[in-house]
There are 2 protein chains.
Amino acid sequence: MRILIIGGGGMVGQKLAHNLALSGTLGNRKIAELTLADAFAAQTLSSTANFPIKTVVADITNPVIAQSLITNKPDVIFHLAAVVSGEAEANFEKGYSVNVEGIKNILEAIRLTGNGYMPRLVFTSSVAVYGGPYPEIIHDDFHLQPRTSYGTQKAISELLVNDYSRRGFVDGVSLRLPTICVRPGKPNKAASGFFSNILREPLVGIEAILPASKSATNYFASPRSAVGFLVHAANLDTSVLGDNRAMMMPGVWGTVGDEIDALRRVAGDEIVALIKDEPDPVIEKMLSNWNFPDITSARARALGFKAENTLDEIIQVHIDDELDGKIPGRSK
Amino acid sequence: MRILIIGGGGMVGQKLAHNLALSGTLGNRKIAELTLADAFAAQTLSSTANFPIKTVVADITNPVIAQSLITNKPDVIFHLAAVVSGEAEANFEKGYSVNVEGIKNILEAIRLTGNGYMPRLVFTSSVAVYGGPYPEIIHDDFHLQPRTSYGTQKAISELLVNDYSRRGFVDGVSLRLPTICVRPGKPNKAASGFFSNILREPLVGIEAILPASKSATNYFASPRSAVGFLVHAANLDTSVLGDNRAMMMPGVWGTVGDEIDALRRVAGDEIVALIKDEPDPVIEKMLSNWNFPDITSARARALGFKAENTLDEIIQVHIDDELDGKIPGRSK
Ligand SMILES: NC(=O)c1ccc[n+]([C@@H]2O[C@H](COP(=O)([O-])OP(=O)(O)OC[C@H]3O[C@@H](n4cnc5c(N)ncnc54)[C@H](O)[C@@H]3O)[C@@H](O)[C@H]2O)c1
Ligand SMILES: NC(=O)c1ccc[n+]([C@@H]2O[C@H](COP(=O)([O-])OP(=O)(O)OC[C@H]3O[C@@H](n4cnc5c(N)ncnc54)[C@H](O)[C@@H]3O)[C@@H](O)[C@H]2O)c1
C-alpha cells in the first residue's frame with residue numbers, strides 16, 4: 001500500500017513516519033511506499049525502512065500542486081498540514097488559505113480522480129472546535145462553537161470531510177486531537193505552548209515560564225498517543241460511523257496545577273522549582289474564553305482509540321521516548 | 001441608509017423588497033437606496049417606493065463582481081443568494097461555488113473594504129444544518145450534522161459569519177429558516193416542494209401530488225414570517241449574541257397529515273380531495289434521513305423573532321397575501 005502524509009514535516013507527521021518506518025505495515029498491509037509532503041523540506045528519516053520514503057516540498061494551497069500529490073493514488077492519506085492556532089489568529093488570510101483551501105484542494109483532487117478511487121483520509125481536527133458556554137461535561141454531540149479562526153477552520157474541514165465521505169468521494173475520518181503534550185523540540189510560539197514548555201524544559205534543567213494561572217485547563221494526550229490515534233483511524237471500519245466522521249479523541253483533562261503536581265511526583269521538587277510564574281495578560285485573556293470542562297470522548301473510546309489515563313503517564317512517555325528514560329535536569 | 005439584497009430576485013428576496021418599498025424604513029432609519037442583486041434579472045417592483053430601487057445582474061461566485069456590490073458600502077446586506085437543496089445535491093460543484101465561495105467572496109469584499117466598514121449582514125441559513133440521530137427535541141445547542149451538501153454549505157457559511165463577526169469585519173446574524181410555506185408561484189423541483197404544493201395547488205382548484213407519507217415531518221413558517229425575521233435581524237442588538245451569531249428561527253412543527261387536517265379546517269373537504277397520493281421512493285428515502293422532532297427555537301423567540309403558531313394560520317396567511325383572502329378552488 002502507498003501512504004501519503006501531508007504535513008509530514010511537522011511534529012506529529014515525523015512521529016507517524018518514524019512509527020510506520022519501524023513497523024513496515026499499516027493494519028495488516030505491507031507498506032510499499034511512504035511520501036512525506038510538506039511546505040518545508042520534510043526531515044529525512046534516520047531509520048532504515050523496508051520501503052522507499054520520499055519527501056516532497058509541496059504547498060497545498062496551490063491546487064495544481066495539491067493534485068500532483070494524488071496522482072499516484074495513495075491508499076491512505078494523513079492530512080496533518082496546518083497553520084496552528086496562534087498563527088491562524090494573527091494571519092487571517094494564511095489560516096483560511098492553508099486550513100480551509102488546502103484541504104479543499106486535496107479533497108477536490110481526490111474527487112476529480114474518479115474511477116472508483118476512494119482513499120482513506122485521516123484528518124487531524126482539534127479540540128479547538130469547541131467553545132463556551134460549556135455544559136458540565138462535553139459529550140460527543142456537543143455543538144461546535146469555535147472561538148478562534150483556527151477552530152473555525154477545523155470545524156469547516158470536518159464538515160467538508162463528512163460531506164465528501166457521504167457522497168462517496170473519500171473515506172474520511174476526522175480526529176479532534178487533544179493538546180499534544182509533551183510537545184518535543186524547542187519551545188514554540190503557540191499561545192498554548194506553555195502547557196508543554198513547563199514540563200519539557202525543567203526535565204532537562206532549563207527554566208520555563210508559566211504565563212497563565214494554575215487553574216487554566218486543558219485536555220492532553222502524548223505524541224505517542226497521537227500516532228496511535230492516526231494508525232487506528234487508518235484501519236478503522238468506517239461503516240459504523242454513519243455520516244458523522246468526526247470524533248473527539250480520548251485524553252486526560254487537567255489544570256496547570258495538575259500538570260505541576262504530576263511533574264513533582266514523576267521528577268521531584270528540584271525540577272518543579274524551574275517553573276517561573278510570569279503572568280501574561282494576553283494569554284490569560286485567551287484562556288478565559290477557552291477553559292473547558294472534562295470531555296467524555298465516549299465515541300472514540302468505544303471504537304478502541306486509546307490515550308494515557310494520567311498526566312504522570314504523559315510525562316513518563318516523554319521521558320521514555322525523548323530522554324532515553326532519564327531526567328537530565330536532576331542534579332544526581 | 002443603503003440596503004443590498006443579494007439573491008434579491010428570489011422568492012424571499014422579492015417579498016422582502018416589497019416590504020421595504022412599502023414601509024420606506026428599516027427600524028427607525030429611512031431607506032435611501034435599495035439594490036437587488038441576483039444572478040438572474042431581478043423583477044422590477046411594481047410598488048412606488050420613496051427611494052430608488054436598483055436591480056443588478058451579478059454572479060457572486062465571481063470575486064470581482066462580488067466586490068463591485070460592496071463598493072458603495074451598503075449599511076445592511078441581506079445575503080439570500082443560494083442554490084437550493086435539490087440542486088446542491090445534484091450539482092456538487094455548483095452548490096459549493098454559490099453557497100460557500102459566493103458568501104466567502106462577499107465576506108472578503110467587506111473585510112477588504114476596511115476603514116471601519118462593518119455592515120450588518122443578515123444571512124439565511126436553514127433547518128437543513130441539522131441531521132439525525134435526533135434528541136427528543138432540538139435545542140439551540142444541538143450540534144450541526146447536516147445530511148445534505150446544501151446543509152453542509154449552510155453550516156460552513158454560519159461558521160464563516162461567526163468568525164468574520166468575532167474578528168470585527170462584519171456584524172453578522174445567521175437565521176436558520178424553517179421551510180417557507182406556502183411557497184408562492186409555480187411548483188418547483190425542490191425535493192421538499194410538495195410540502196407547499198399540496199396546499200397551494202388545491203386552494204386554486206388544481207390537483208397536487210403527494211409523493212411522501214402522511215407521517216413526514218417539517219418545521220414551517222410563512223413567507224410573511226420570513227420577511228419579519230429578516231427585518232427583525234437587521235435591527236437586532238447583536239451585542240447580546242456573543243460569538244454565536246446563528247439561531248434557529250421559530251416555526252410550526254407538523255406532519256403532512258397535520259398540513260392536510262389544517263387545510264381541511266381552513267378550506268374544506270372539496271379542496272383536500274385534490275391531493276393525490278403518488279409515493280416516490282426517492283423522496284421517501286430522502287425524508288427518512290430528515291424526519292426531525294420539534295424544535296424549541298428558544299433563543300430566537302426570546303430575542304423577539306415571531307412566527308405563526310398553527311398550520312391553519314400559515315395557510316390563512318397564504319390566502320390573505322396571495323389570493324386576496326379568497327379560495328378560488330371552491331366550487332361556490
Ligand atoms: N500538536 C497539537 O497539540 C495539536 C492539537 C490539535 C490538533 N493538531 C493538529 O494536528 C496536526 C499536526 O500537528 P503538529 O503539531 O504536527 O503541527 P506542525 O505545525 O508541527 O506541523 C504542521 C505541518 O504542516 C505544514 N504545512 C503548513 N502549511 C502547509 C502547506 N500550505 N502545504 C503543505 N504543508 C504545510 C507545516 O510546514 C508543518 O510541517 C495539525 O493539523 C494540527 O492542527 C495538533
Ligand atoms: N424557501 C425556503 O423554504 C428556505 C428554507 C430555508 C432556507 N432558505 C434560504 O433562504 C434564502 C432565500 O430562499 P428563497 O426561497 O428565496 O430561494 P430562491 O431560490 O427563490 O432565491 C435564491 C436566489 O439566489 C439567486 N442566486 C443563485 N445563485 C446566485 C449567484 N451565483 N449570484 C447571485 N445570485 C444567485 C437565484 O437566482 C435566486 O433568485 C436562500 O438562501 C435559501 O437557501 C430558504
Side-chain angles (χ1 to χ4, degrees), chain A residues 88-93 95-97 99-101 103-104 107-108 111-112 114 128-135 138-169 241-248 289-290 299, chain B residues 88-93 95-97 99-101 103-104 107-108 111-112 114 128-135 138-169 241-248 289-290 299:
Chain A
E89 202 65 17
N91 192 334
F92 189 80
E93 294 184 9
Y96 276 94
S97 170
N99 295 349
V100 177
E101 289 313 310
I103 190 166
K104 186 85 201 292
L107 289 168
E108 279 293 280
R111 180 177 75 84
L112 294 169
V129 294
Y130 297 128
Y134 292 110
I138 296 179
H139 290 280
D140 283 294
D141 63 357
F142 184 57
H143 65 160
L144 306 191
Q145 198 173 254
R147 287 286 181 272
T148 57
S149 292
Y150 172 78
T152 302
Q153 292 148 8
K154 291 292 190 186
I156 290 174
S157 301
E158 287 188 7
L159 285 162
L160 291 173
V161 169
N162 280 348
D163 199 39
Y164 276 73
S165 296
R166 189 184 59 78
R167 299 289 291 250
F169 300 135
L241 296 182
D243 287 339
N244 186 358
R245 304 297 189 110
M247 272 169 291
M248 185 66 219
N289 282 325
W290 200 46
R299 194 171 179 223
Chain B
E89 202 64 17
N91 192 335
F92 189 80
E93 294 184 7
Y96 276 94
S97 170
N99 295 350
V100 177
E101 289 313 311
I103 190 166
K104 186 87 201 292
L107 289 168
E108 279 293 280
R111 180 176 74 85
L112 294 169
V129 294
Y130 297 128
Y134 292 110
I138 295 179
H139 289 280
D140 284 294
D141 63 357
F142 183 57
H143 65 159
L144 305 191
Q145 198 172 254
R147 288 287 181 271
T148 57
S149 292
Y150 172 78
T152 302
Q153 292 148 8
K154 291 292 189 185
I156 290 174
S157 302
E158 287 188 8
L159 285 161
L160 291 173
V161 169
N162 281 348
D163 199 39
Y164 276 73
S165 296
R166 189 184 59 80
R167 299 289 292 250
F169 300 135
L241 297 183
D243 287 339
N244 185 359
R245 303 298 189 110
M247 271 169 290
M248 184 67 219
N289 282 325
W290 200 47
R299 193 172 180 223

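By convention in this document, chain letters (A, B, ...) are assigned in the order of the sequence lines, proteins followed by strands, and residues within each chain are numbered from 1. In this text, all values refer to a predicted model and were calculated from it rather than measured experimentally.
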* Do A:F92 and B:Y164 have ring centres separated by under 6.0 Å? ->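 Between B:Y164 and A:F92, which both carry aromatic rings, the centre distance is below 6.0 Å.
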Approximate separation, where rounding is to 0.5 Å, of [X] [atom1] and [Y] [atom2]:
{"X": "A:S149", "Y": "B:L160", "atom1": "OG", "atom2": "CG", "value": "10.0 Å"}
{"X": "A:Y96", "Y": "B:L107", "atom1": "OH", "atom2": "CG", "value": "9.0 Å"}
{"X": "A:N244", "Y": "B:L144", "atom1": "CG", "atom2": "CG", "value": "11.0 Å"}

* Asked: Using non-hydrogen atoms only, which part of A:N162 is less than 4.5 Å away from chain B: side chain, backbone, both, or neither?
  ->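 Neither; nothing under 4.5 Å.
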* Asked: Do NZ/NE/NH1/NH2 and the carboxylate oxygens of A:E89 and B:R166 come within less than 4.0 Å?
  ->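 Result for this pair is yes, salt bridge flagged.
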* **Note: B:R111-A:E93 ion pair, threshold 4.0 Å (strictly below)** =>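 Salt bridge flag = yes for A:E93 with B:R111.
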For [X] and [Y], which heavy atoms make the closest approach, and how far apart are they?
{"X": "A:H143", "Y": "B:D140", "result": "ND1-O, 4.3 Å"}
{"X": "B:L159", "Y": "A:T152", "result": "O-CG2, 3.6 Å"}
{"X": "B:I156", "Y": "A:I156", "result": "CG2-CG2, 3.9 Å"}

* Relative to chain B, which of A:Q153, A:Q145, A:R167, A:K104 shows the most heavy atom pairs under 4.5 Å? ->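 The residue among A:Q153, A:Q145, A:R167, A:K104 with the greatest pair count is A:R167.
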